[in-house]
> 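Would you mind keeping the following structure in view while I ask a few things?
Everything quoted here is computed from the prediction, not taken from an experiment. Proteins come first, then strands; the chains are lettered A, B, ... in the order of their sequence lines, and each starts at number 1.
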Amino acid sequence: MILTGRKISPGAASGEALTTTMGISFYGGVDPETGRVVEKGHELEGQSVAGRVLVFPTGKGSTVGSYTLYRLKKAGLAPSAIVNAEAEPITAVGCIIAGIPCVDHIPIEKLRSGMRLRVDGERGVVEVE
Amino acid sequence: MELTPEERRMLSGEDGPATKKAMEILLALGAIYGADRLLPVTSVQISGVSFDNLGEAGLEFLTEMAEGGGRVRVLTTLNPAGMDVENWQALGIDPDFARNQQRVIQAYARMGAATTCSCTPYLFGNLPRFGEHIAWAESSAVCYANAVLGARTNREGGPSALAAALTGRTPRYGLHLDENRRPGLTVRVEADLRGTRDFGALGVAVGRAVEARPGKPIPYLRGVAAAGVDELKSFCASLATYGGLAMFHMEGVTPESGLHAPPAETLTLTRRDLDEAIRSLDSAQGEADFVSLGCPHLSLDEVRRLAERLAGRRVRKTFWITTSRPVKRLADEMGYTAVIEAAGAVFAVDTCCVVAPIRGRFKVLVTDSAKACYYAAAKNGFATRFLPFEEVIEEALK
């Protein structure tokens with residue numbers, strides 16, 4: 001299956017999908033020391049985003065969250081790529097400064113955790129391998 | 001998005017990796033907001049300067065951008081830092097923090113930004129004219145630039161403002177376009193307003209009212225007879241803090257107010273509404289232990305008024321005077337600084353009580369700034385007294 005969306009952040013990467021129907025706040029919601037989702041009551045609470053293709057509807061929270069993505073990347077704990085239904089500035093800017101491929105305008109309900117995905121941020125394409 | 005040959009070159013990496021990354025940030029934001037092209041900007045104001053807000057990751061990013069050959073292409077000034085750059089020891093700043101803060105400022109300096117760290121760049125030379133496209137991040141200055149000066153800027157974040165500085169561009173959307181600067185709500189002010197605290201309280205009342213409405217309409221204020229620069233900067237800080245607003249119109253005061261008819265939907269605010277806003281911030285029980293003036297940074301005239309009132313008297317509480325380096329230098333020359341320091345007040349230049357790392361150091365803040373009250377509670381855990389400018393000074397003398 002090939003899904004075509006919109007290019008947000010360049011680069012290409014593959015990985016196992018980690019999907020949620022909830023928004024993600026990187027600042028305060030993801031621990032930059034461990035890469036785990038720490039937001040109370042979040043569907044992904046306790047799970048690590050490291051190396052996964054993180055699939056979520058849209059970002060939320062403080063703009064400082066862009067730097068959390070950068071910090072995760074430097075620590076080797078960042079998602080390999082991000083797929084959104086609708087990207088917003090915090091996630092988009094975070095992906096670009098950290099060098100994480102990001103594509104949006106994807107029907108994310110078609111994606112399931114555990115699927116092998118390839119994200120091409122240059123072409124705005126998500127491929128289910 | 002349609003790009004010019006120069007913009008394509010910046011995106012290609014020919015001008016270095018930092019410029020390329022800056023272009024990528026602008027293109028992503030342009031895509032998200034549906035911009036058709038980039039606009040040249042003439043002035044940038046960058047936020048994300050205090051190490052207290054940036055942290056190690058932010059510092060690493062800035063260092064990477066400086067090492068990646070990033071150079072500002074237009075006049076660029078910085079927001080307040082977490083300390084007085086020259087006099088941090090006197091403010092009790094931790095040496096490790098000071099070292100990291102210096103590294104942040106050095107990274108910006110390497111990229112060519114003017115390292116005056118202030119939220120009021122329009123008071124000392126970063127002063128765009130009517131209609132000019134700019135990219136500013138400091139929320140109170142964004143509101144001042146759009147509404148009072150009639151320049152055009154969205155409310156940028158730290159990285160997007162830096163991206164604008166390194167490319168001289170910003171995506172064309174939002175408040176750069178005529179149709180998004182129209183008022184959507186008339187606010188009739190039936191009160192006699194005087195001084196920075198009253199205008200701050202008006203910002204609280206209007207901000208809260210607009211915040212609660214769908215689509216956050218741009219307010220069109222009527223009935224404000226006169227407003228000085230100091231009062232408008234207080235109002236802008238308050239409106240941005242309590243309403244998230246980047247624009248307003250004030251009949252007879254702001255330059256674009258004459259371009260629009262007042263919207264039919266009307267909200268009336270009376271003295272009672274303003275007093276209620278004041279009470280909501282002037283709520284501390286117990287003895288005040290921290291007094292601060294200068295949020296936003298004091299103008300030269302405010303420093304003069306302060307010096308006049310303090311002359312020959314003695315401050316009994318920790319009293320921070322926060323202002324920009326250029327205004328402080330003028331105050332030095334005018335002799336105001338000597339008078340103020342002889343009274344025992346302390347200049348905290350380049351910084352303010354919002355961005356300095358002072359959590360837990362004090363219990364009760366006294367100020368004339370509604371914005372300072374918000375962050376005192378939210379970020380530092382202080383209770384607040386919200387008084388007129390002159391009464392704040394008297395409180396420090398008690």
> Does Glu24(B) come within less than 4.0 Å of Lys7(A), counting only side-chain N to carboxylate O?
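Answer for the salt bridge query: no.
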> State, with a plain yes or no, whether a side-chain heavy atom of Lys74(A) is found less than 4.5 Å away from one of Glu64(B).
yes
> Taking atom CD of Glu2(B) as the centre, does the number of heavy atoms from other residues, nucleotides or ligands within less than 6.0 Å exceed 12?
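No, the 6.0 Å shell around CD holds no more than 12 heavy atoms from other groups.
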> I'd like to know which of Pro159(B), Gly58(B), Gly157(B), Ala57(B) tops the heavy-atom pair count under 4.5 Å against chain A.
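Ranked by contacts with chain A, first place is Ala57(B).
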> Heavy-atom pairs under 4.5 Å with chain B are the metric here; pick the option from Ser9(A), Pro10(A), Ser66(A) that has the most.
Pro10(A)
> Can you establish whether the number of heavy atoms outside Arg213(B) located under 6.0 Å from its atom CZ is more than 12?
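Counting other residues, nucleotides and ligands, CZ of Arg213(B) exceeds 12 neighbours.
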> Tell me, for Ile25(B) versus chain A, whether the close heavy atoms (under 4.5 Å) come from the side chain, the backbone, both or neither.
both
> Relative to the ring of Phe61(B), is the ring of Tyr70(A) parallel (under 30°), tilted (30 to 60°) or perpendicular (over 60°)?
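Tyr70(A) and Phe61(B): perpendicular rings.
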> Can you measure from CD1 (Ile96(A)) to NZ (Lys20(B)) and round to the nearest 0.5 angstrom?
11.0 Å
> Based on non-hydrogen pairs under 4.5 Å, which of Arg6(A), Glu88(A), Glu86(A), Lys73(A) is most in contact with chain B?
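Among the listed options, the one with the most contacts to chain B is Arg6(A).
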> How long is the gap from CG on Leu59(B) to OH on Tyr67(A), to the nearest 0.5 Å?
10.0 Å
> Heavy-atom distances under 4.5 Å only: say whether Pro32(A) touches chain B with side chain, backbone, both or neither.
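Answer is neither: Pro32(A) stays 4.5 Å or more from chain B.
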> Quick one: pull up CG in Asp104(A) and CD1 in Ile32(B) and give me the separation to the nearest 0.5 Å.
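Interatomic distance, Asp104(A) CG to Ile32(B) CD1, rounded to 0.5 Å: 6.5 Å.
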